[in-house]
Amino acid sequence: RAKQARNAYHFHTEAMSQGMREQLLLENRLRQALDGEEFVLHYQPLIGADGQMAGCEALVRWQPADGPMVPPGQFIPLAEELGLIVPLGGWVLAEACRQGRIWLDAGQPPRVMAVNISARQFQHPDFVNTVRATLAASGFPPACLELELTESMLMEQVEQSIDTMCALKALGARLSIDDFGTGYSSLAYLKRFPIDKLKIDQSFVRGIGLERSDGEIITTIIAMARALGLQVLAEGVETAEQQAFLQQHGCQYYQGYLFCRPQPAPALEVWLAKRI
Ligand code: C2E
Ligand code: CA
Ligand code: CA
Ligand code: CA
């Protein structure tokens with residue numbers, strides 16, 4: 001009987017698609033990676049209209065001890081599916097605040113530290129408490145922490161989202177909407193959201209000079225941000241032509257390979273020292 005079961009199991013694994021097996025393997029490795037502290041943060045500068053670094057965005061990478069670095073696109077969706085994004089996101093938040101505090105202690109001026117928050121994290125009942133406790137433990141100034149949210153997560157349960165955002169604002173943190181323009185938030189809601197910044201999705205920036213509609217969407221978002229009293233940042237700026245267009249239309253902040261790729265903290269320090 002045992003043999004039969006074993007055969008059945010064997011048959012089942014044989015029948016499993018290559019893709020499913022890889023998924024299972026990845027799931028196990030991801031769980032181990034969390035225990036084994038195999039994650040690192042890279043930081044990408046946010047550039048002000050004056051050309052100075054106004055802050056940076058923390059972007060997580062998985063660096064297995066015995067393999068090449070894995071970009072977040074390959075494990076964040078799985079971590080979300082498995083609920084592992086809550087502990088992983090908690091680590092990201094703590095690590096970003098820790099690094100931000102180190103830079104302040106080294107004499108750097110206060111700058112924004114932007115951290116990506118996923119829907120599962122934002123909707124978790126302990127989220128506001130986690131942010132409060134992390135700020136307190138790290139000694140990082142709340143006014144320097146910017147939490148990047150997405151339209152889709154905010155629109156899932158709008159009233160509850162507004163309550164959570166207000167609680168985060170009460171802690172003194174800043175809020176931005178990431179990938180703006182790709183979701184479904186309406187102007188009426190946008191007006192009610194206590195946010196500080198819109199981050200224009202890089203897909204629109206990519207179309208500057210190529211797709212007339214992308215340029216029009218960008219100028220509309222910039223005008224809308226201004227009307228609502230929000231800061232506006234363009235993501236994925238890769239060319240001087242894109243920057244010129246954005247500048248001409250009143251964009252205040254930029255982020256992209258044109259200025260700097262995401263880098264580990266020590267490399268970013270070198271980049272910054274060379275610029276000044
Ligand atoms: P995102 O939040 O929209 O982050 C911007 C992504 O664009 C980053 O990819 C960044 O490396 C890339 N990028 C920056 N400048 C340019 C550019 O000029 N051109 C192009 N083509 N790309 C540029 P990355 O680091 O691979 O991250 C991908 C996504 O993974 C992020 O998109 C974000 O949604 C997610 N992610 C990254 N770190 C975290 C995290 O700690 N927590 C959560 N929940 N999500 C994260
Ligand atoms: Ca982001
Ligand atoms: Ca984005
Ligand atoms: Ca994105």
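Start at 1 and go down the list; that is how both ligands and their atoms are numbered.
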N/O/S atom of E148 inside 3.0 Å of the Ca ion (ligand 2), strictly under: yes
Nitrogen or oxygen atoms of Q202 and ligand 1 under 3.5 Å apart: yes
Ligand 1-proximal atoms of N116, by part, heavy-atom distance under 4.0 Å: both
Location of contacts on R61 toward ligand 1, heavy atoms closer than 4.0 Å: side chain
Identity of the nearest option to atom 40 (C) of ligand 1, non-hydrogen atoms only, from V60, V205, T150, I117: V60
Aromatic contact, W103 with Y43 (centres under 6.0 Å): yes
Short N/O/S contact of E235 with the Ca ion (ligand 3) (below 3.0 Å): yes
Proximal heteroatom of D178 relative to the Ca ion (ligand 3) (N/O/S): OD1
Pair R132, N129: side-chain N/O donor-acceptor within cut-off below 3.5 Å: yes
G89 to ligand 1, any heavy atom closer than 4.0 Å: no
Structural part of Q44 in contact with ligand 1, heavy atom criterion under 4.0 angstrom: side chain
Heavy-atom proximity to atom 30 (O) of ligand 1, best of P72, P77, A79: P72
Q108 versus R111, side-chain donor and acceptor atoms under 3.5 Å: yes
Which segment of L88 sits under 4.0 Å of ligand 1 when only heavy atoms are counted: neither
P262 heavy atom under 4.0 Å from ligand 1: yes
Q255 to ligand 1, any heavy atom closer than 4.0 Å: no
Under-4.0 Å heavy-atom contact with ligand 1, by part of D179 that carries it: side chain
Heavy atom of E235, distance to ligand 1 below 4.0 Å: yes
Structural part of E57 in contact with ligand 1, heavy atom criterion under 4.0 angstrom: side chain
Among the N, O or S atoms of D179, the one nearest the Ca ion (ligand 3): OD1
Contact check: A58 vs ligand 1, nitrogen or oxygen atoms, below 3.5 angstrom: no
E57, N/O/S atom nearest the Ca ion (ligand 2): OE2
Validation row: V158, M155 side chains within 4.5 angstrom (heavy atoms): yes
